[in-house]
Amino acid sequence: MSKVRIGIVGVGLIGQTHLSNYAKIQDAEVVAVCDINEQAAQAVASQFGIPDVYTDFRELLKRDDIDAIDVCLHNNFHAPVTNEALKAGKHVYCEKPIAGTYFDGVTMLETAKETGKMLHIQLNTLYKKETKAAKALIEEGSLGKLYHARSTGFRRRGRPFVDGYGTKFFNRKETAAGGALLDMGVYHIAQILYLLGVPTLKSVSGKVYQEMDMDASRREESQFDVEELGLGFVRFEEGVTLDLIEAWSVHMGGFEGSSVLGSKGGVRLPSYSSISQTSALTFHTTVADMDLDSTINLDDMDLRWGRLKPDYDAYASSQQHWIAAIQGRVPLLPTAEIALQTMLISEGVYLSDQLGREVTAEEIIAHSQSTNVLV
């Protein structure tokens, strides 16, 4: 198969991470980068051996020798750049979350449908070994009827910029739209939605906080106005429920990993701090009237499935899956749809906090507005 030719828009921390990942994929070839900071773009292009550099993404889109565009910008830039790229005839891989709001995310799905191009959102938790193992247990029926799940994400003090990581644009509504829920929560909520089969949202009750101390000068410089902690309780039309907690910063030693409960069994996913994995995937059930708690050997599972399952490598990572889907090797997972539902839940938490009550899916959709930054 011929290599997939890619143009990257945005060469910051995320863009460089994507470039490092593409360098490991034989069938991917990044042929151009674009950033309004020409000096940064030239430096990254030199580092990764990329021939062409642009400062205007529209000039990049004029090229007919590029198959796909990878959007590595802040949240409120996702929809405008993605939609123009799709209309220019390019497949689009966009960094999470799908956009700044549900409203803007809908335009991206609609544009992809209208143009017949693929839209893929970076949800790396869908390709983790534990997700594959939990999905297999669920599809086999080992959990029985699913009825409740928990989504958790933990950092002790890991707020962008004010705690020494990332830029100030991560914690401003004008560029990022939200905080912990849109930065970290999207990974964990999307993972649970995928395991639950993407149920239909009914209602959300939620609360957000920004209470912990932070460096005063960095607070002033960053204009930090997003949440460091998000909480929610979610009801789905199918009768399933979900509770969630997502922390950028919290005085606690850690959280249990996300979990899914069923009538016959349950799974608890590994718990992650900002830098390391702290537990394993466990499966809980009853056998011969005895309670059984077991640990899944994920490495052996991954090795065996890699040897036996056709195209298993196409699900090794978000970017490997993207390349394989463009080549027609495998169908693209519905990451855009999952990311859109994740955004609907996150906006539901924000709206519920604002109104002080539970809100319905219909209310969230009605209140959702564009936060696009014109480019």
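A donor-acceptor contact under 3.5 angstrom links the side chains of Thr335 and His120, judged on distance only.
Judged purely by atom type and a 3.5 angstrom limit, Glu363 uses its side chain to pair as donor or acceptor with the backbone of Thr360. No side-chain donor-acceptor contact under 3.5 Å links Glu256 to the backbone of Ser271.
Because its NZ or CZ atom is both nearer than 6.0 Å to the ring centre of Phe161 and within 45° of the ring axis, Arg218 counts as a cation-pi partner of that residue. Cation-pi geometry between Lys168 and Phe224 is not met at under 6.0 angstrom from the ring centre and within 45 degrees of the axis.
For the pair Arg172 and Glu174, the salt-bridge criterion is met [side-chain N within less than 4.0 Å of a carboxylate O]. Salt bridge status for Arg63 with Asp52: present, with a side-chain N to carboxylate O gap under 4.0 Å. Salt-bridge formation is not detected for the pair Lys202/Glu237: no Lys NZ or Arg NE/NH1/NH2 atom is positioned less than 4.0 Å from an Asp or Glu carboxylate oxygen. With respect to Lys87 and Glu84, no salt bridge is recorded, no charged nitrogen being found less than 4.0 Å from a carboxylate O.
Distance CG/Leu19 to CD1/Ile14: 11.5 Å, rounded to 0.5 Å. Taken from CG in Asp311 to CD in Gln320, the straight-line distance is 12.0 Å, to the nearest 0.5 Å. Taking OG of Ser258 as the start and CD1 of Ile189 as the end, the distance is 9.0 Å to the nearest 0.5 Å. Atoms CD1 and CD, on Ile98 and Glu337 in that order, are 8.0 Å from each other to the nearest 0.5 Å. Atom-to-atom distance recorded for Gln327:CD and Asp67:CG is 9.5 Å, nearest 0.5 angstrom. Going from atom CG of Leu201 over to atom CD of Gln341 covers 7.0 Å, rounded to the nearest 0.5 Å.
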Side-chain atoms of residues 204-214: list all donor-acceptor pairs with protein atoms under 3.5 Å, sequence neighbours left out, distances to 0.1 Å.
{"from": "Lys207", "atom 1": "NZ", "to": "Asp353", "atom 2": "OD1", "distance (Å)": "3.0"}
{"from": "Gln210", "atom 1": "OE1", "to": "Arg219", "atom 2": "NH1", "distance (Å)": "2.9"}
{"from": "Gln210", "atom 1": "NE2", "to": "Val226", "atom 2": "O", "distance (Å)": "3.2"}

Using the side-chain contact (heavy atoms from CB on, under 4.5 Å) rule, take Tyr22 and Trp322 through it: C-alpha gap first, then chi angles, then the decisive distance, then the call.
-> CA-CA 11 Å; Tyr22 282 127; Trp322 172 234; 3.7 Å; yes
Derivation and outcome, salt bridge (Lys or Arg N to Asp or Glu O under 4.0 Å), residues Asp56 and Lys62 | CA-CA 11 Å; Asp56 183 344; Lys62 291 178 182 178; over 6 Å; no
Residue pair Glu110, Lys113: steps toward the salt bridge (Lys or Arg N to Asp or Glu O under 4.0 Å) verdict | CA-CA 5 Å; Glu110 290 177 343; Lys113 183 177 180 180; over 6 Å; no
Would you please test His148 and Asp243 for side-chain contact (heavy atoms from CB on, under 4.5 Å) and show each step?
-> CA-CA 8 Å; His148 183 68; Asp243 66 86; 2.6 Å; yes
Evaluation steps, side-chain contact (heavy atoms from CB on, under 4.5 Å), between Tyr93 and Leu119 = CA-CA 6 Å; Tyr93 178 32; Leu119 172 61; over 6 Å; no
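Between His74 and Phe170, the angle of the ring planes goes over 60°, which puts this pair in the perpendicular group of the 30/60° scheme. The aromatic rings of Tyr127 and His321 lie tilted to each other, with the angle between the two planes from 30° to 60°.
Within a 6.0 Å sphere centred on CD1 of Ile36, other residues, nucleotides and ligands contribute 12 heavy atoms or fewer.
The residue from Leu355, Thr101, Leu182, Val359 that alone fulfils the side chain to side chain contact (heavy atoms under 4.5 Å, CB included) condition with Tyr350 is Leu182.
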